[in-house]
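We name chains A, B, ... by the order of the sequence lines, and we start the count at 1 in each one.
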Amino acid sequence: MEYNPSQIESKWAKFWEQNQTYKVENGGSKPKFYILNMFPYPSGAGLHVGHPLGYIATDIFARYKRLKGFNVLNPMGYDSFGLPAEQYAIQTGTHPAVTTVKNINTFRSQLDKIGFSFDWSREVRTSDPAYYKWTQWIFMQLFNHYFDKDAQKALKVSDLVAHFEKEGNAKVNAVCDEDTPSVSAAEWNAMSEKEQQIFLLHYRLTMPEEAYVNWCPAMGSVLSNDEVKDGVSERGGYPVERKLMKQWAMRITAYADRLLEGLNNIDWSESLKEQQRNWIGRSQGASVKFDLALDPSVKIEVFTTRVDTIYGVTFMVLAPEHELVDSITTPEQREEIENYKKWTASRSEVDRMSEGKKVTGAFTGAYCINPFDGAKVPIYIADYVLAGYGTGAVMAVPSGDQRDWNFAKHFNLPIIPILDAQKDIETAADNTKEGRYINSGIINGMTYKEATQTLINWLEERGLGKGKVQYRLRNAVFSRQRYWGEPVPVYWKEGVPYLIDESELPLELPSIDEYLPTATGEPPLGRATDWKYKGEYEYELSTMPGWAGSSWYFYRYMDAQNDQEFASKAALDYWRQVDLYVGGTEHAVGHLLYSRFWNLFLYDLGLVPEKEYAKKLVNQGMIQGRSLFIHLKTGRSLHVQIQFADEKDRLFKDKYVAMTQIDNRFEGIDTEGDIAWQTDDAGKQFVVLTPEVEKMSKSKYNVVNPDDMIAQYGADCFRMYEMFLGPITDAKPWSTSGITGVAGFLRKFWSLMYDINGKFLVNDNEPTKDELKILHTCIKKVNDDIERFGFNTCVSAFMVCVNELKAAKCSKRAILNELTILLAPFAPFIAEEAWTILGNTPSVLNAAYPNANEAYLVSDAVVYPIAINGKTRGEISFPTGTAKDVIEAAVPDMEVVKKWVNGSGIKKIVVVPGRMINVVI
RNA sequence: GCCUUGGUGGUGGAAUGGUAGACACGCAGGACUUAAAAUCCUGUGAGCAUUAGCUCGUGCGGGUUCGAGUCCCGCCCGAGGUACCA
């Protein structure tokens, strides 16, 4: 019998389905284990070879845990709202829901081919109204709660209102907007309903807020940074500017401290936790108000982590978007400031930060006053100050901060030393906190600690500033000016947002004629006709962002069909939290922070049992793709869809034209004028593309699909090959060379059961000591390596085992049975087939996992390498367990040692038992 | 720029501070074959010597150690993220 993967694989796929092998119950006597993959966005390009990498690893782990006696939940679903389906809708008019279902079906059939042990009865889709009903429901809870600092948790807004009615907001210790006015009970009670509602928005955990966005006037829409390339829109190449817009936001900053704290209690990689800590960016400092020189009633507030350096301030820098810029600029400087603002508005935040070494800025002509010494400080604007962080204004201390120093040198501003320990500040800034202050008024002679406290006290006494904790973390923008997302369950009445009634959930997406913004620049939902709350009030027209649905989906898997609750208490109490979460580092500070935030909120409400939803997280490295770029004469460069290029990275003109017909990014590009065509020997025109290795993604047009490989080699081979590529945590570019090695291994495994003539080889002879050693070495290695996620070395271990069994001509049932169980998590199809061939009853997943017996692993002798001064010069064998001093005594008499010692004496002999010997001469 | 992460043969990679390159791919030579494919066997870090053997070698420069791919310090380069891709 020959190894025929396609036959075996369809046979067992059918068996698993008919026997519901992967159906999981909530409950039972076995211990539970919840394994979760980050769910995919079902793109039109289908599953690419990067997706299954993590899924295969978790599938191996799930099957392994199951064989070890756990009740394993291993679900899968789709993050099915997203831009690509909407783009396709804009181009073709096809409703995104239609595209999405089609794409999901493609994904599903691809996933099925790989043989995952997912329990599909628990599938979720974020774009399904039955699912997003609960996303909207959670949004409503956020709207109805505020964060109480005394209780350190979310409490009901209705309680807050009760408090306002009795005592106003003076004694309320809650997270709220910076500019929240204080009100007395009388003032509150005198407010109209509308005024009260507007006031409460200062406290709600989700609220409308002004935020900067990439606005593309030509397209009438907001773009992601991803859609902006070189300062213009990727599609069409239109100019993009930064614009302030009213957006729904989530008050994630309220949870900043608890999000930091929670990191200490979860088993996530240190690097990932560090990224979250840096993203949250807690810094202790002070806010200080500077009076405007011409009008002391105008104050400019800055946040600084080094208030001790305040006597070294020689200028002030505002973000170009700072609200005071226009009013303080003098007539003489107006033109310069306007030009600079225009220039920065055309650049994204990333652009602005990434040119950090190039100093740019403009002088407003205005001055402010240093509150400590009354010094007149010139006010500049510069793009290294970001509007979104802190107050959008910094006090510049060139002697202590390198960016300020660069700026001062460029604009010829003074640099004042402030600490006697500062090094030569004419060549670079020195941010030391050592030494004692000089040139520093009331803090002269003090140390860093004394000075900071003295200054803060001075400021607080005069109401000019205060000690403050600042977070880099900003409130998360929650609106998207798009169609294909969850509708926000809010309607507007006289400019005030209200929640719709809970009984009206889900608020479903209305159908619209075109998936574009309206003529007046409103989001696509503005096109819906007769879409009014109670036929009267306008619904919120923006939709929720991609991260909404993914912030709680792990709970839905526990009880996916429930239409009364997002998940039942019984299901939540049984599964509690995810035991193992696997996904890419690219989600480190997006999804993984937002979902922790929602989880803490749900925990505060008593709706979920754990403060952290994912106990352990493993970062899978990304499979990278090879992208190709076309450079236009205009200076723009664009990704080219890889399937249109030839193997030499050339793009021929006919292919280019074919591509432009299906890809509207190329609209407006002049085929003749903008592209530097070359001509080959046959007279055909082509252009050479530039390759680059980067993440595999549909948006980079570099995806590789697994289907062909599976058709050719089978799913078992594909699974093992993906694991064999390298450690799961490492990023690596995709390559198919080498898959034949894994294919050869599977054939070799098969050949232990049938020879090339189809003769059945399996026998019941007693295994020898050597054969047991081969098997148990493999058991031990595979066991250890699965536990530490070293799946690539597991595959090597299997190869070694099969190579050695083959060399020993071993086809003994006792050996092959155990090897088959061991192999089952990796290559489930061939394992099921082998399991029945060996005379057992399927499924192999119901077998007992073998344990390594140390007794089979010990050898009679240990071969010691002998090093002279650390360099290996030979080896010698000692019986296992030979004492250290016996070995030491034997060393000087050995040939190699004598040769190298050659007269000079032995200084030292290092013997590491069971390892090696080093002779120092 | 900032945060995170990685850099080992021609390639993917292996290596609790203890024989660098396991296991594969590729390549070369051989067997089988009319021939090719498939399969099997042998060799394969670089250099010198071509027998023994020797020297160099884990991005670069230092350091700790009997011993460093592994630990420490300083650089260089790639990748991911950078708040509307998901």
Side-chain angles (χ1 to χ4, degrees), chain A residues 38-41 43 79 81-84 211-214 221-228 247 269-272 274-279 281 348-350 352-358 384 388 403 472-482 485 545-547 550 584-591 593-594 619 621-622 624 693-695 697-700 721 724-727 729-733 735-742 744-745 747 756 790 792-793 795-800 803 863-867 869-875 907-910 912 914-920:
Chain A
M38 288 184 186
F39 60 173
Y41 172 75
S43 90
D79 191 10
F81 275 128
L83 272 183
Y212 281 98
V213 294
N214 297 313
S221 72
V222 177
L223 301 179
S224 66
N225 284 335
D226 214 49
E227 297 170 291
V228 182
Q247 305 276 0
S269 74
E270 235 1 90
S271 68
L272 195 140
E274 194 58 21
Q275 279 187 75
Q276 292 214 344
R277 287 191 191 105
N278 291 331
W279 185 257
S348 73
E349 225 166 273
V350 176
R352 288 169 58 172
M353 296 304 284
S354 61
E355 289 166 24
K357 278 175 184 158
K358 209 163 89 191
Y384 77 91
R403 278 183 310 184
R472 205 183 72 95
L473 183 72
R474 315 204 280 254
N475 282 332
V477 177
F478 198 70
S479 297
R480 298 295 181 264
Q481 274 62 39
R482 306 285 181 180
W547 58 268
S550 60
T585 37
E586 68 270 29
H587 300 286
V589 291
H591 160 63
L593 197 61
Y594 296 136
N619 277 128
M622 187 165 326
Q624 293 160 324
V693 170
E694 56 182 354
K695 91 191 239 192
S697 158
K698 196 192 177 212
S699 67
K700 302 190 187 300
Y721 180 61
F724 191 56
L725 274 178
T729 48
D730 289 4
K732 49 208 153 266
S735 152
T736 51
S737 66
I739 193 166
T740 53
V742 177
F745 157 76
R747 270 199 305 274
I756 34 167
N792 55 328
T793 49
V795 179
S796 302
F798 282 123
M799 287 172 168
V800 171
N803 285 346
V863 177
Y864 282 85
I866 300 186
N869 284 345
K871 279 189 192 298
T872 308
R873 298 298 181 184
E875 55 186 37
K907 286 194 188 132
K908 191 176 176 185
I909 298 171
V910 181
V912 183
R915 274 282 167 198
M916 51 78 66
I917 301 165
N918 189 20
V919 182
V920 186

Which base sits across from [N] as a Watson-Crick or G-U pair, both distances under 3.5 Å?
N	result
G17(B)	none
G47(B)	C54(B)
C60(B)	G74(B)
G67(B)	none
A38(B)	none
U82(B)	G1(B)
G12(B)	C23(B)

At 4.0 Å (heavy atoms only), tell me whether [X] reaches a base, stays on the sugar-phosphate, or touches nothing.
X	answer
Asn803(A)	sugar-phosphate
His587(A)	base
Ser271(A)	sugar-phosphate
Val742(A)	nothing
Pro84(A)	nothing
Glu274(A)	sugar-phosphate
Trp279(A)	base
Arg747(A)	sugar-phosphate
Val213(A)	base
Val912(A)	base
Phe724(A)	base
Lys732(A)	sugar-phosphate
Val589(A)	sugar-phosphate
Ser479(A)	base

Tell me every residue that passes ring pair (Phe, Tyr, Trp, His ring centres under 6.0 Å) with Phe39(A), counting only those two or more places apart in sequence or in another chain.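 Phe39(A) satisfies ring pair (Phe, Tyr, Trp, His ring centres under 6.0 Å) with Tyr553(A) once adjacent residues are dropped.
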How many Å lie between [atom1] on [X] and [atom2] on [N], as a whole number?
X	N	atom1	atom2	answer
Met38(A)	C85(B)	CE	P	17 Å
Leu83(A)	A86(B)	CG	C1'	9 Å
Gln276(A)	G80(B)	CD	C1'	15 Å
Glu694(A)	G6(B)	CD	P	21 Å
Gln624(A)	G7(B)	CD	P	13 Å
Glu586(A)	A86(B)	CD	C1'	8 Å
Gln275(A)	C3(B)	CD	P	11 Å
Ile756(A)	A38(B)	CD1	P	16 Å

Can you say whether a donor on the side chain of [X] sits under 3.5 Å from an acceptor on the base of [N], or the other way round?
X	N	answer
Glu227(A)	C84(B)	no
Asn278(A)	C3(B)	no
Arg915(A)	U16(B)	yes

With nearest nucleotides of RNA chain B determined for Lys700(A) and Leu473(A) from heavy-atom distances, which residue corresponds to the more 5′ nucleotide?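 It is Lys700(A), whose closest nucleotide lies nearer the 5' terminus.
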With a 4.0 Å limit, can you tell me whether [X] has a side-chain N or O closer than that to the phosphate oxygens OP1/OP2 of [N]?
X	N	answer
Asn792(A)	G12(B)	no
Ser737(A)	G26(B)	no
Ser269(A)	U4(B)	no
Arg480(A)	C84(B)	yes

Pairs: protein N or O with nucleotides 49-59 of chain B N or O, under 3.5 Å:
unit_1, atom_1, unit_2, atom_2, d
U55(B), OP2, Arg873(A), NH1, 3.1

Should the pair Trp547(A) and Tyr594(A) be assigned to parallel (<30°), tilted (30 to 60°) or perpendicular (>60°) ring geometry?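 It falls in the parallel class, under 30°.
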Using atom [atom1] of each nucleotide, how far apart are [N] and [M] to the nearest Å?
N	M	atom1	answer
U42(B)	A20(B)	C1'	23 Å
U65(B)	A49(B)	P	38 Å
G59(B)	G12(B)	P	13 Å
G10(B)	G6(B)	P	23 Å
A37(B)	A52(B)	P	34 Å

Is the side chain of Asn918(A) donor-acceptor paired with the backbone N or O of Gly870(A) at a distance under 3.5 Å, no angle test?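 The answer is yes, because a donor-acceptor pair under 3.5 Å joins these two groups.
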For Thr585(A), what residues pass the side-chain hydrogen bond (donor to acceptor under 3.5 Å, both in side chains) criterion, not counting sequence neighbours?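 Result, side-chain hydrogen bond (donor to acceptor under 3.5 Å, both in side chains) vs Thr585(A): none returned.
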Does G9(B) fall in syn (glycosidic angle within 90° of 0) or anti?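 The base of G9(B) is oriented syn (glycosidic angle within 90° of 0).
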Of Tyr721(A), Phe724(A), Phe745(A), which is the lone residue that meets side chain to side chain contact (heavy atoms under 4.5 Å, CB included) with Val795(A)?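 Considering Tyr721(A), Phe724(A), Phe745(A), a side chain to side chain contact (heavy atoms under 4.5 Å, CB included) with Val795(A) is found only for Phe724(A).
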For residues Ser269(A) and Asn619(A), report the shortest heavy-atom separation together with the two atoms involved.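 So the minimum-distance heavy-atom pair works out to OG-OD1, 3.6 Å.
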Taking all non-hydrogen atoms of both residues into account, name the closest pair between Tyr864(A) and Val912(A) and its distance.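 Looks like CE2-O, 3.6 Å.
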Should Gln275(A) and Val589(A) count as side-chain neighbours, where that means a heavy-atom distance under 4.5 Å?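 Heavy-atom side-chain distance check passes, below 4.5 Å.
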Could you check if a side-chain atom of Arg480(A) sits within less than 4.5 angstrom of a side-chain atom of Val477(A), using non-hydrogen atoms only?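 Touching, per the 4.5 Å side-chain cut-off.
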Ignoring the backbone of [X], work out which of [options] is nearest its side chain.
X	options	answer
Val477(A)	G18(B), C84(B), G26(B)	C84(B)
Gln247(A)	U19(B), C84(B), C85(B)	C84(B)
Thr793(A)	C85(B), A86(B), A14(B)	A14(B)

Nearest-0.5 Å distance that lies between atom OG in Ser697(A) and atom CE in Met622(A):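 If I round to the nearest 0.5 Å, the distance is 9.5 Å.
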side-chain hydrogen bond (donor to acceptor under 3.5 Å, both in side chains) between Glu274(A) and Ser271(A), worked out: CA-CA 5 Å; Glu274(A) 194 58 21; Ser271(A) 68; over 6 Å; no
Can Val920(A) and Ile909(A) be said to form a side chain to side chain contact (heavy atoms under 4.5 Å, CB included), step by step? CA-CA 6 Å; Val920(A) 186; Ile909(A) 298 171; over 6 Å; no
